[in-house]
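The structure presented is a predicted model; accordingly, all values stated were derived computationally and were not measured.
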Amino acid sequence: MPANFATTYRPSDLVCNGDTAIVGIGRAKAGAIWYRALTKYFVSSTDYPQARAGTLQAAADLYGANSIEYQTVARAWSAVKVN
């Protein structure tokens with residue numbers, strides 16, 4: 001790489017849909033949501049849209065459908081264009 005090579009990124013360049021306001025929920029909550037989805041809602045043929053639905057249902061089960069955790073999971077899926 002040339003010595004004068006410089007790259008500057010804006011926060012919106014670092015996310016898929018420009019949503020730079022997503023705040024993390026932490027590994028423990030994300031793990032709990034993922035584990036519940038894996039054990040209650042996923043099957044061997046689960047695709048991405050079904051995974052979104054399963055993780056959202058798991059978040060609703062654990063934290064409520066209007067919770068920050070639910071909203072964060074939904075925004076994360078939307079950030080990677082799974083709606």
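- For the side chain to side chain contact (heavy atoms under 4.5 Å, CB included) test, residues two or more places apart in sequence or in another chain that qualify with A60 are Q57, A65, Y70.
- Within the structure, salt bridge (charged side-chain N to carboxylate O under 4.0 Å, His left out) contacts touching residues 46-60 (residues at least two apart or in different chains) do not occur.
- Considering all non-hydrogen atoms of both residues, N83 and S78 come closest at OD1-OG, 2.8 Å.
- Within the structure, the salt bridge (charged side-chain N to carboxylate O under 4.0 Å, His left out) test picks out the following pairs touching residues 30-46 (sequence neighbours left out): R36-D61.
- Residues A58 and A37 approach most closely at CB-N, 3.7 Å, considering heavy atoms.
- Under a hydrophobic clustering in which Ile, Leu, Val, Met, Phe, Trp and Tyr are joined whenever their side-chain heavy atoms come within less than 4.5 Å, directly or via other members, V80 and I33 fall into the same cluster.
- Under the rule for a side chain to side chain contact (heavy atoms under 4.5 Å, CB included), V23 has no partner lying at least two apart in sequence or in another chain.
- Take W34 and apply the ring-ring contact (aromatic ring centres under 6.0 Å, His included) test, not counting sequence neighbours, and it matches F42.
- A pairwise comparison of heavy atoms in T46 and V43 identifies OG1-N, 2.7 Å as the closest pair.
- The hydrophobic cluster containing V73 also contains Y48, counting ILVMFWY residues as joined when their side-chain heavy atoms lie under 4.5 angstrom apart, directly or transitively.
- Nearest heavy atoms, T55 versus W77: OG1-NE1, 2.7 Å.
- Pairs of residues two or more places apart, or lying in two chains, that qualify as salt bridge (charged side-chain N to carboxylate O under 4.0 Å, His left out) and include a residue from residues 66-77 are D19-R75, K29-E69.
- Scanning all heavy atoms of the two residues, the minimum distance from A79 to I22 falls at CB-CD1, 4.2 Å.
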